[in-house]
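Since the structure comes first, as structure tokens, the remarks are kept for the end.
Because the structure is predicted, anything quoted here is derived from the model rather than measured. To find a chain, count down the sequence lines: A is the first, B the second, and so on, and within it residues start at 1.
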Amino acid sequence: MAAYTLKVRRFQPESGDGPYWETFDVELDPTLSVLDGLLQAKDRDDGSLAVRCSCRAAICGSCGVKINGQSALACKTQIGEAKEIANRRDGGSEPIVVEPMGNMPVIKDLVTDMESTHWTKIRRVTPWLLPEGDPPEREYIVPPESMIDITQSMACIQCGACVSSCLSMEADPDFIGPAALAKAYRFVGDPRDAETEERLHDLANDPHGIYDCTHCFSCIDACPKGVAPMDQIMRLRRKATAGYEIDDHNNGMRHEHAFVKIIESKGTLDESLLLQESFAPGLKGKLAPRPGAIKGLIESIPTAIRGLRSGKMRSLPKLIPGIHPKLPGDAQDNVRRIYAHAEDHSVELNLYIRGEEAEEDAPVPEAEAVPAAAIEPEPDEGGG
Amino acid sequence: MAGLKLAYWPGCVSRGFTTELHGSMALVAERLGIELVELDRANCSGAGVIAEHNQELADTLNARTFALAQQTGAPMMNICSTCQGAQSECQQRLDADSGYRAHINETLAAEGLSYDPDGFSNKNFLWVLVEDYGLDKLKAEVKRPLEGLKVGPFYGCYILRPKHRLGYDERPDRDLYLEQLIEALGGEVVEYDGARKCCGFPIITMAREVSLRQAGTHVGDALDAGADCLVTPCPLCHLNLDMQQPEAAKIVNRDLELAVLHLPQLVGLALGFEPKQLGMGRHIASTEWVQERLAAPAPA
């Protein structure tokens with residue numbers, strides 16, 4: 001048994017007051033969870049402390065909160081470890097800080113409104129199968145390996161921890177967000193679905209869609225089930241650009257293509273060329289610039305002029321796209337050779353499915369790299 | 001301790017839009033007795049964009065960089081959080097699967113290169129300073145303690161998350177190093193909301209407003225908390241926080257003027273270099289306030 005202090009952000013709407021902090025002293029084994037601590041406080045000190053929970057075993061996804069600023073399930077976070085993290089900087093007796101999840105309204109204390117953000121966004125991506133034609137008389141038959149790709153997104157328990165942690169959503173509440181986009185990939189990657197391209201078109205062209213993700217990795221660290229929502233968003237982008245070549249209104253494909261092309265020809269990044277090619281490849285490439293792209297290019301001009309004036313961009317030539325030097329000697333040829341190989345056929349290694357090798361030279365079975373046990377059954381998607 | 005020798009990957013931006021970073025790194029390394037072997041044949045890390053396009057392509061390109069570093073016989077160092085993150089992502093896949101690695105090395109063989117995970121290390125300058133050089137040793141080199149200078153740390157996502165990939169299992173305090181470093185240099189840490197958030201740069205060409213709102217919010221929060229400057233180990237964060245600062249100010253609808261220093265610049269100031277030597281005149285947000293602060297007598 002050990003003593004812990006929980007500093008809880010509380011909000012009791014019926015009181016008419018704003019949110020406030022309250023500390024609770026609890027006593028329990030360090031291997032028990034923060035949720036156990038909260039329930040002890042509710043039991044012994046204040047029955048009005050509101051916290052949502054059900055299974056207490058990281059399966060139902062009900063008890064999402066922020067612990068020391070990190071979005072997580074309260075039942076999956078050991079209280080002893082939470083205390084250590086709270087005191088990392090000072091090594092003292094700082095309390096464990098528990099707050100309601102972010103990016104969603106608080107109903108009461110640690111209970112947030114999952115409906116107005118999370119579930120609304122989930123519904124936004126049409127989270128059901130849209131097969132072609134009438135359903136078969138019996139079950140759909142697909143080869144097992146065609147489903148492996150989406151098992152990671154199927155592991156989602158809809159707890160909202162990723163939504164709570166999302167830094168793009170902080171800046172843009174309309175962002176579809178990590179949970180819903182991971183769910184979208186679950187259907188985009190499903191061989192039974194007939195609307196793959198439509199779904200990708202929709203998500204690539206929505207200004208709050210896949211190109212609104214700022215690549216901050218917060219959702220990867222927040223997810224208690226290893227879904228890595230950002231990785232699923234990157235898969236959606238890969239399918240939209242490399243797979244279906246969807247020339248979206250957000251310049252997502254053009255930016256990616258420009259970047260990839262520049263490294264192939266120069267080895268390192270020519271920033272001026274990237275700006276120009278992302279917005280208006282028509283000036284040098286085949287595609288005609290779209291009106292929005294011209295606007296983007298014009299918006300970048302004040303920044304470029306300031307950069308030139310401050311000497312940041314070295315000199316005028318730095319601003320002229322395309323004169324950036326290649327890698328020396330035969331190095332650039334070798335980069336091109338790598339491109340020729342990888343663009344021809346590309347392997348995608350999913351570590352969620354593959355796992356990491358325990359030992360350095362463990363034998364790798366070729367095709368059956370996926371142990372059956374690693375594929376988790378789809379959990380009840382209604383949980384939450 | 002014999003001087004550190006490192007295979008040095010400067011990245012693209014430090015030789016493009018932020019040359020002051022590359023220049024100040026060279027000065028600081030020399031002063032600290034760190035020998036840098038520059039990897040001038042190495043290629044862009046892909047910044048996550050190439051991996052988004054084609055994973056094997058990104059993994060092969062970065063394995064090439066790792067192999068070039070290994071040829072020098074020295075551990076690898078970068079000065080860009082984004083390179084660190086993008087390279088670590090590829091390294092994780094390469095290290096996880098020997099069959100996959102063999103396939104990648106086959107492509108590299110034509111150039112006489114091969115990546116061997118055994119003993120390979122690639123660290124951002126921040127990690128090198130704290131873990132390999134040592135903050136006590138650095139303290140002994142300080143000629144001009146940054147007394148009275150209030151510094152807001154800004155890490156950049158790519159050296160913070162995901163923790164498992166970035167060595168936090170063994171080095172759990174990596175997300176506190178900037179604070180430790182600022183204090184070691186005699187400065188004062190400013191706590192503000194944005195230190196570990198995203199600068200927004202990755203979506204600047206795709207969702208400009210959302211991107212600049214992130215940058216503007218963090219700069220504003222740091223100003224409200226009393227910061228004299230920010231310091232960042234990531235030149236891409238620098239682009240959004242400094243170069244785009246006037247544009248970000250328009251989006252968040254307030255005046256913003258806050259110097260954003262590159263990590264080697266902050267270290268260089270404490271080592272006694274003049275702001276001009278460190279290229280501090282090349283920033284968009286004026287660094288004059290920082291210079292005034294350091295020139296003023298230390299507060300009682």
Bottom line for A:E170: the part with an atom under 4.5 Å from chain B's heavy atoms is side chain
The interface call for B:A42 against chain A, heavy-atom contacts under 4.5 Å, is backbone
Please classify the contact of B:V189 with chain A as side chain, backbone, both or neither, using a heavy-atom distance under 4.5 Å.
side chain
For B:A96 and A:L351, work out which heavy atoms get closest and say how close.
CB-CD2, 3.5 Å
Nearest heavy-atom approach of B:C12 to A:L269 is SG-N, 3.1 Å
For B:R41, is it the side chain, the backbone, both or neither that has a heavy atom under 4.5 Å from a heavy atom of chain A?
both
For B:L68, is it the side chain, the backbone, both, or neither that has a heavy atom closer than 4.5 Å to a heavy atom of chain A?
neither
Using non-hydrogen atoms and a 4.5 Å limit, figure out which bit of B:Q245 sits close to chain A: side chain, backbone, both or neither.
neither
Side chain / backbone / both / neither for B:L57 at chain A, heavy atoms under 4.5 Å
both
Between B:K163, B:E111, B:R213, who has the most heavy-atom pairs with chain A when the cutoff is under 4.5 Å?
B:E111
B:E247: side-chain hydrogen bond (donor to acceptor under 3.5 Å, both in side chains) partners, not counting sequence neighbours
A:R306, B:R208, B:K250
Between A:D248 and B:M206, is there a side-chain heavy-atom distance shorter than 4.5 Å?
no
Options B:I104, B:L160, B:L61, B:N54, ranked by heavy-atom pairs under 4.5 Å with chain A, top entry:
B:N54
Pair B:F201 and A:H215, ring centroids less than 6.0 Å apart:
no
What part of B:T60 lies closer than 4.5 angstrom to a heavy atom of chain A: side chain, backbone, both or neither?
both
For A:C216 and B:K197, run side-chain contact (heavy atoms from CB on, under 4.5 Å): C-alpha distance rounded to whole Å, both residues' side-chain angles, the deciding distance at 0.1 Å, then the answer.
CA-CA 8 Å; A:C216 73; B:K197 291 190 174 177; over 6 Å; no
Measure across A:E271 and B:F17 and return the closest heavy-atom pair with its distance rounded to 0.1 Å.
OE2-N, 3.0 Å
Closest non-hydrogen atom pair between B:W9 and A:T268, with its separation:
CH2-CG2, 4.2 Å
Can you establish whether the number of heavy atoms outside B:E257 located under 6.0 Å from its atom CD is more than 12?
yes
Sort out for me which residue in A:K239, A:R238, A:R237 forms a salt bridge (Lys or Arg N to Asp or Glu O under 4.0 Å) with B:E52.
A:R237
Checking B:D173 against chain A: side chain, backbone, both or neither under 4.5 Å from a heavy atom?
both
Least distance between heavy atoms, B:Q55 atom then A:L349 atom
OE1-N, 2.8 Å
Report the distance from atom CZ of B:R196 to atom CG of A:L167, rounding to the nearest 0.5 Å.
12.5 Å
Under a 3.5 Å distance rule, please check whether B:R161 uses its side chain to pair with a backbone N or O of A:C219 as donor and acceptor.
no
Taking all non-hydrogen atoms of both residues, which atom of A:S168 and which atom of B:V210 are closest, and how far apart?
O-CG1, 4.1 Å
Can A:H341 and B:E56 be counted as having a side-chain donor-acceptor contact under 3.5 angstrom?
yes
Top contributor to chain A contacts, counting heavy-atom pairs under 4.5 Å, from B:A207, B:G48, B:P246, B:G279:
B:P246
Pick one of side chain, backbone, both or neither for B:A102, based on which atoms fall under 4.5 Å of a heavy atom in chain A.
neither
For each of B:A110, B:G156, B:G11, tally heavy-atom pairs with chain A at distances under 4.5 Å, and name the one with the top tally.
B:A110
Under 4.5 Å, counting heavy-atom pairs only, tell me which of B:T107, B:L113, B:D59, B:V13 racks up the most with chain A.
B:T107
Atom group of B:D193 that falls short of 4.5 Å from chain A, counting heavy atoms
neither
Kindly check if the number of other-residue, nucleotide or ligand heavy atoms within 6.0 Å of CD (B:E288) is above 12?
no
